[in-house]
Amino acid sequence: MTTMSERPTRAVPLRSPARTTAPTRPERSDATVSDHDLLRRCRRRDSEAWNELVRRYERLVYTVALRNGLSADDAADVTQSTFVALVDSLDRIRDDEKLASWLMTVARRQAWRSRNLSRRTTPLETTPEESVDPFADWASVAALHDALATLGGPCRDLLVALYFEKEEPSYAEIARRLGRSIGGIGPLRGRCLDKLRVILQDES
Amino acid sequence: MTIGRPTFTDLLDWVEGRLAPEQADVVAAYVATADDATMETVEWIREFHDAAGSMRLEQPPADLSARLRDVFVGLQGPEVSDRWSDASLLYDTRSGLAAAGVRSYDGDGVHLAFDSDLGRFLLEASPAGPGEVDIQGLIRTELIGDDGVDLSFLGRGTLRRAARATADGRFDVRGVPVDVDELWLSSGGTRVRAALDLTSR
């Protein structure tokens with residue numbers, strides 16, 4: 001059985017098992033706007049759509065910058081550079097559905113640039129050795145975030161809260177955020193994760 | 001939970017240790033002898049946990065969130081407010097009035113220098129594709145502080161390109177439409193406007 005670490009860089013992160021009864025691709029919740037729709041609205045200078053994009057992706061971009069060895073201040077600067085690059089590229093992004101991986105890639109590139117700049121201004125004796133790339137499974141993680149964006153809706157918010165937030169919020173906290181009962185969180189997470197698996201299967 | 005083939009949620013609960021001991025034993029027994037599909041589902045869940053756990057999301061500082069929201073409006077249409085001013089052109093190599101040490105006009109690019117409330121900045125535009133130029137620039141950083149500088153290149157009032165200067169004050173924007181006629185520099189609440197003419201005369 002292939003493990004994630006054995007995979008090449010192709011963005012097929014999580015293998016989906018063969019299914020005897022393949023479910024249909026999950027529909028996006030009507031209550032949740034897709035990245036594509038948000039980008040389309042941003043192109044019409046809709047600042048509310050922009051704010052929603054910031055809400056969705058500021059943690060992801062900031063985390064990529066931090067994980068590339070930057071200080072909190074430098075990571076914040078790289079995050080801002082990345083969102084400025086998004087404004088700059090609104091009319092040139094090729095695939096709106098891959099916004100998550102696009103932002104991750106830009107943030108990573110900006111972080112490299114920031115680190116190189118820092119090295120030029122840091123005394124040689126204090127410059128660290130080339131650090132190990134913290135994203136050995138970069139393609140897998142990027143594809144996973146694209147799939148989460150495709151999933152959208154409460155499912156995306158639930159899975160991000162349960163599995164990606166460093167603070168590991170309780171079921172009670174997540175239920176409060178999503179406006180659901182605590183008892184419904186467990187079954188919902190199973191359904192949502194199964195949908196995510198189908199999306200990844202389709203995209204692979 | 002079901003008796004017989006476990007559902008995806010059963011397997012997820014089992015992998016995550018959320019089942020009562022007797023239920024967990026039932027699932028474990030099934031998995032141990034089960035079909036490939038069940039085994040692969042379990043493997044997929046574990047891989048998902050590994051991938052998600054490899055990059056837990058950090059919460060950015062609250063002031064950054066506010067700045068990111070402001071970026072959009074600030075770049076799209078810099079407002080004329082109390083803290084904006086016009087940059088003054090120090091030299092333009094096309095005019096032949098270049099200061100000592102400045103490259104003379106070579107007929108193949110535009111070299112400009114400005115003075116402003118954010119400090120002096122230089123801008124060099126060289127031909128790129130049809131109707132486009134590549135722009136490289138440098139802003140004196142001592143007056144900038146920690147806020148950094150965001151740049152908006154506008155043509156007839158519409159945002160054409162945007163960039164953020166690096167910590168050492170450099171910026172590099174490729175493929176800028178040559179009809180861009182205005183540059184706004186924003187740092188914190190301070191904004192500077194510079195009139196641009198990037199055409200080769």
Side-chain angles (χ1 to χ4, degrees), chain A residues 1 3-4 13-20 42 45 47 50-51 54-55 58-64 66-67 72-77 79-81 83-85 87-88 113-114 117-118 120-121 134-137 140-141 144 159-160 163-167 186-187 189-191 193-194 196-197, chain B residues 7-13 16 18 35-61 63-65 67-77 146-148 150-153 159-168 170 173 175:
Chain A
M1 210 172 278
T3 65
M4 290 186 67
L14 296 163
R15 185 171 51 134
S16 296
R19 305 182 69 104
T20 52
C42 285
R45 303 178 63 168
S47 59
W50 174 261
N51 291 345
V54 169
R55 187 194 70 80
E58 61 179 342
R59 287 180 299 176
L60 179 62
V61 173
Y62 182 69
T63 301
V64 168
L66 279 179
R67 291 289 301 274
D73 284 347
D74 287 345
D77 194 63
T79 302
Q80 185 161 344
S81 296
F83 277 93
V84 170
V87 175
D88 183 55
R113 189 177 301 166
S114 179
L117 188 64
S118 175
R120 286 207 304 269
T121 58
F135 298 106
D137 290 323
S140 298
V141 175
L144 188 52
L159 295 182
V160 168
Y163 297 108
F164 292 88
E165 287 190 11
K166 191 176 183 183
E167 296 79 11
R189 99 189 188 290
R191 292 195 296 274
L193 198 57
D194 201 13
L196 185 73
R197 182 174 60 141
Chain B
T7 65
F8 181 88
T9 302
D10 292 334
L11 295 170
L12 180 61
D13 286 339
E16 295 183 352
R18 296 181 184 275
D35 53 283
D36 288 346
T38 300
M39 291 296 295
E40 290 184 357
T41 298
V42 170
E43 184 67 18
W44 186 91
I45 292 169
R46 287 176 173 151
E47 290 181 358
F48 170 79
H49 281 145
D50 289 345
S54 72
M55 200 174 77
R56 293 282 186 175
L57 299 179
E58 305 271 355
Q59 187 65 41
D63 68 314
L64 174 62
S65 301
R67 271 162 43 201
L68 296 177
R69 288 192 294 272
D70 291 344
V71 153
F72 187 70
V73 173
L75 289 171
Q76 294 279 354
D146 295 332
D147 290 322
D150 293 331
L151 304 103
S152 305
F153 294 89
L159 181 71
R160 308 300 294 272
R161 298 300 302 273
R164 181 168 174 80
T166 56
D168 63 351
R170 296 177 191 278
V173 191

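Within every chain, numbering begins at 1; the chains are lettered A, B, ... in the order of the sequence lines, protein sequences first and strands thereafter. Hydrogens, waters and symmetry mates are skipped; everything else that's a heavy atom, side chains included, is used.
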Inset, instruction - Identify, with sequence neighbours excluded, every residue that meets side chain to side chain donor-acceptor pair (under 3.5 Å) alongside A/E58. - result: B/S65
Legend entry - Heavy-atom closest pair, residues A/S81 and B/R164: OG-CD, 3.2 Å
Inset, instruction - Return the orientation label for the A/Y163 and B/H49 ring planes: parallel under 30°, perpendicular over 60°, tilted otherwise. - result: tilted
Inset, instruction - Please look at A/V160 and chain B and tell me whether the side chain, the backbone, both or neither of the residue comes under 4.5 angstrom of a heavy atom of that chain. - result: side chain
Inset, instruction - Flag the one option from B/T9, B/V173, B/L57 with the top tally of heavy-atom pairs under 4.5 Å to chain A. - result: B/L57
Legend entry - Option in B/I45, B/L12, B/D150 with maximal non-hydrogen atom pairs under 4.5 Å from chain A: B/L12
Inset, instruction - In plain terms, say whether B/D13 and A/R189 are close enough for a salt bridge, that is, a side-chain N and a carboxylate O under 4.0 Å apart. - result: yes
Inset, instruction - Sort out for me which of B/L11, B/L64, B/L68 touches chain A most, counting heavy-atom pairs under 4.5 Å. - result: B/L68
Legend entry - Residue part contacting chain B, namely of A/R55, when any heavy atom lies under 4.5 Å: neither
Legend entry - B/L151 portion near chain A, given a 4.5 angstrom heavy-atom threshold: neither
Inset, instruction - Identify which part of A/L60 has an atom lying under 4.5 Å from any heavy atom of chain B, answering side chain, backbone, both or neither. - result: both
Legend entry - Short side-chain donor-acceptor distance under 3.5 Å, A/R197 and B/T41: yes
Inset, instruction - Go through the atoms of A/L159 and report whether side chain, backbone, both or neither lie under 4.5 Å from a heavy atom of chain B. - result: neither
Legend entry - A/A85 portion near chain B, given a 4.5 angstrom heavy-atom threshold: neither
